Amino acid sequence: MKKETFTFAALGAALLAVAGCASTPSSSDLDREAAAVMKASFRDQGIAKTDRLNQDLGQAACSSDKPPSDAVAQQVMDQARAAVKWPAGGQYIGDWREGEKLAQNGRGMTWTDASAAAKDNGGSCYNCHQIGKAEISYGTIGPSLYNYGKNRGVTDVAAPTAQPIVEYTWMKIWNGKTYNACSNMPRFGHMGLLDEKQIANVMALLLDPKSPVNQ
Amino acid sequence: MADPMRIRAQAAGDKTTVRVLMSHEMETGQRKDSAGKPIPAWFIQEVTTAHNGKTVMTAQWGPSVAKNPFLQFNVKGAKAGDKITVSWVDNKGDKRTDEATVS
Amino acid sequence: MTKQRFTLAAAAVLALAATNAAWAQKSAADGIAEYRKMLEDGNPAELFEAKGAELWVTKRGPKNVSLAQCDLGKGPGVVKGAFVELPRYFADTKKVQDLESRLVSCMEMLQGFNAAEIAKTPFGRGEMANVTAMATWIAAESRGMRFNLPQGHAEENHSYEIGKRAFFYRGGPMDFSCASCHSVDGQRIRLQDLPNLTKNPGDGIGFAAWPAYRVSNGQMWSMQLRLNDCFRQQRFPYPGFGSEATVALGTYMGVNAKGAESIAPAIKR
Amino acid sequence: MQTRREMLAHSATVAGLLATAGLLPQTALAAWPQAAFEAKTMADAAKALGGGAPAPSGDVTITGPDIAENGAVVPVGAATTLPGVKQLLLLVEKNPSVLAAVFNVTDAVEANFNTRVKMGQSSNVYAVAMMADGKVLYAQKEIKVTLGGCGG
């Protein structure tokens, strides 16, 4: 995973150049100042270092109450799509039971966590999505994923007809910015939050006809 | 010494509703600290309540009563101006007594 | 992957996004509402409120004086109504300050405490616990009043603009900003309602509810601790106590909450 | 009156003893019914307090929410209108020890108590009335404990 870091000044210039952004000088002064205030207000703690404040193109482009221009958004999506890694040996689908555990688990990557390794992270899926019917404590920031595979006609995850939705789902989990430049969903694969095997398990939770999600 | 309790005693008709908040950790003894060492149980074991000096109710608690405990009960016949006293003792022998006037 | 495939799949997603979202939600929401109502009567925040009231009038610190002359923005010693006008600009420190950073300044200027030492103290410990207790009491003294932060001073307006940018600032391994969870009406994380903090989210909601007693850990949470844990969950690095970004966020949320009735100190999950 | 320092020293000693003994804390009170508080079932707890076999009763009331937003604080209440009630108990079926609280009833108070308990998971909670004649009557209610917040 490679993180491209932009200085705030460079970003401002990029936005002006690419988007023809109409921000007034005083507003971009404030942007610059706010970035400096952020840097000055935080310190390292455990695994959470201040370099987490360095923004890549997508983070910087989606850091205001206005969406980025179509051109910038397209650039973010193109970069995201180009960087998607497909599973080794085409192993898209793992164990839905493990996927459910990951979906329930909201831990990982905070300054109170000892390790930033994928194996120590959860997927936090229920924080934002309805998934399995049995879990009533689910969030609504993302769409409901109940019957995700069933509603998309997946009766056999290995069938050629299922391949488009399988690949689409992998991309969404690997990096949701592939379809929406300012998606609220973490880039689980791209940022190393989950490894391929873990993602395959979450895939199984959503797509496996035997998963309770599709019952 | 433990922090004071908050006691509200309100008369309505021929009874007084008493609501008490106590400042206490109520540690279960089941938890571990960040170093993995068990945190010893520490909880209120006995609560005694009195109306104008006469004991009206006692209670025994275990560690599964919630932290900073809340207790509500109704004293028959208590009226405005009467005194309600609440005392507790925890398993370390620490204790606390506070008093409120019925309003 | 072809472009066409994206489009097909995206259409399939859109078609399904709206279904199934409503079932089982209503009864759970009703249950949670009932639970919250049952907890309202007997909020342990009262214990901290009482402690804070006592601390305010107690002679303490190297100079052994009380905080009775502390100026929270409405003149020395005026507590009532101060909470719903903070953060604001203070001429003596030449800074916009929130309730907690202002309290620490008073403790330094009047009582002789070391402000930097207090700022470094973990939440819930030592003088930091005392700051939280006093903030709880000071907030309670404005219960029922409506937020009305001053924006007359250039620094106050500046703080708002910085706070707005801090609110939308994305970063960290999960790309979160405050706005990721708090810029749309009616959303939840798990079963917890998420206030839209880009506007007045309503009486006693969001900025108008903190400090609050957290039942999940039995701790009294000030706004500084609320923000601190938001940033932890945002997977950001550690925000300094009273740092400019945290105070500016307070200004942003507080100004947006104009007219909202304060119920602080509240009780929260 | 003990000073704060003495109290802390005393507490530290007790904590040390507990840590080495590895036992439930020694009780500072002879009256604290240790066996009842160590019971794993409602029947065992009732027995430890000198009662018979528990039987369900419509005259005993358990109050609580259907769903708890957090298991650390769950408001519950026990009440009965039956004459001759000696004690009211609150129990949580799936806690490591089921008994949470014992309230000793006198003529000077109503047999109606509210407090808040911790619940490790979704569980039945019971209100139990220990009667003067040795009968044990109970009411039960299921309370769901939900996972909340960001979970991190």
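A, B, ... follow the sequence lines: proteins, then strands. Residue 1 opens every chain. Treat the numbers as computed from the prediction; the structure is a model and nothing was measured.
A donor-acceptor pair is defined here as one N or O able to donate and one able to accept, closer than 3.5 Å; such a pair exists between the side chain of C:Tyr169 and the backbone of A:Leu53. No donor-acceptor pair closer than 3.5 Å links the side chain of C:Arg188 to the backbone N or O of A:Ser137. Formation of a donor-acceptor pair under 3.5 Å by the C:Arg170 side chain with backbone atoms of A:Asp56 is not found in this model.
Within the 4.5 angstrom heavy-atom criterion, no atom of C:Ile32 approaches chain A. With a 4.5 Å cut-off on non-hydrogen atoms, A:Ser183 touches chain C through its backbone but not through its side chain. Of the atoms belonging to C:Asn228, heavy atoms from both backbone and side chain fall under 4.5 Å from chain A. For A:Lys172, no part lies under 4.5 angstrom from a heavy atom of chain C. At a 4.5 Å heavy-atom cutoff, the contact between A:Lys39 and chain C is made by side-chain atoms alone. At a 4.5 Å heavy-atom cutoff, the contact between C:Phe176 and chain A is made by side-chain atoms alone. Contact annotation for C:Glu161: only side-chain heavy atoms (C-beta onward) come within less than 4.5 Å of a heavy atom of chain A.
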Report the C-alpha distance between A:Asp65 and C:Thr198 in whole Å, list the side-chain angles of each, state the deciding distance to 0.1 Å, and finish with yes or no for side chain to side chain contact (heavy atoms under 4.5 Å, CB included). CA-CA 9 Å; A:Asp65 55 347; C:Thr198 65; over 6 Å; no
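Using a 4.5 Å cut-off on side-chain heavy atoms (C-beta onward), A:Gln45 and C:Pro237 make no contact. Side-chain atoms of C:Ile189 and A:Ile141, non-hydrogen and from C-beta on, do get closer than 4.5 Å to each other. Using a 4.5 Å cut-off on side-chain heavy atoms (C-beta onward), C:Arg165 and A:Met38 make no contact. Proximity of A:Arg52 to C:Arg235: side-chain heavy atoms (C-beta onward) are separated by under 4.5 Å at one or more points.
Put simply, CG on C:Asp229 and OG1 on A:Thr110 are 8.5 Å apart, with the number rounded to the nearest 0.5 Å. If you take CG on A:Asn184 and SG on C:Cys181, they are separated by 7.5 Å, rounding to the nearest 0.5 Å. In this structure, A:Ile136 CD1 and C:Leu191 CG are separated by 6.0 Å, a value rounded to the nearest 0.5 Å. Between the CE atom in C:Met174 and the CZ atom in A:Phe188 there is a gap of 6.0 Å [rounded to 0.5 Å]. Taking CZ of C:Arg190 as the reference point, atom OH of A:Tyr138 lies at 12.0 Å (rounded to 0.5 Å). Once rounded to the nearest 0.5 Å, the distance linking CE of A:Met185 with CG of C:Asp175 reads 11.0 Å.
In terms of non-hydrogen atom pairs under 4.5 Å with chain A, the most contact-rich of C:Phe168, C:Tyr238, C:Phe236, C:Phe167 is C:Tyr238. In terms of heavy-atom pairs under 4.5 angstrom with chain A, the leader among C:Lys164, C:Gln192, C:Gln187 is C:Gln187. Among A:Lys177, A:His129, A:Lys49, A:Arg43, the residue making the largest number of heavy-atom pairs under 4.5 Å with chain C is A:Arg43. With chain C as partner, the option from A:Pro186, A:Ala116, A:Ser63 having the largest number of non-hydrogen pairs under 4.5 angstrom is A:Ser63. Ranked by heavy-atom pairs under 4.5 Å with chain C, the first of A:Ala40, A:Gly46, A:Ala48, A:Ser64 is A:Ser64. Of the listed residues (C:Gly240, C:Gly242, C:Ser180), the greatest number of heavy-atom pairs within a distance under 4.5 Å of chain A belongs to C:Ser180. Here C:Ser243 is the residue among C:Ala179, C:Ser243, C:Ser177 with the most heavy-atom pairs under 4.5 Å with chain A.
With sequence neighbours excluded, the residues that form a side chain to side chain contact (heavy atoms under 4.5 Å, CB included) with C:Ser216 are C:Arg214, C:Arg269, D:Asn70. Under the side chain to side chain contact (heavy atoms under 4.5 Å, CB included) criterion, A:Asp78 pairs with A:Gln74, sequence neighbours left out.
Annotation: C:Asp92, atom CG; neighbour count of heavy atoms from other residues, nucleotides and ligands within 6.0 Å is above 12.
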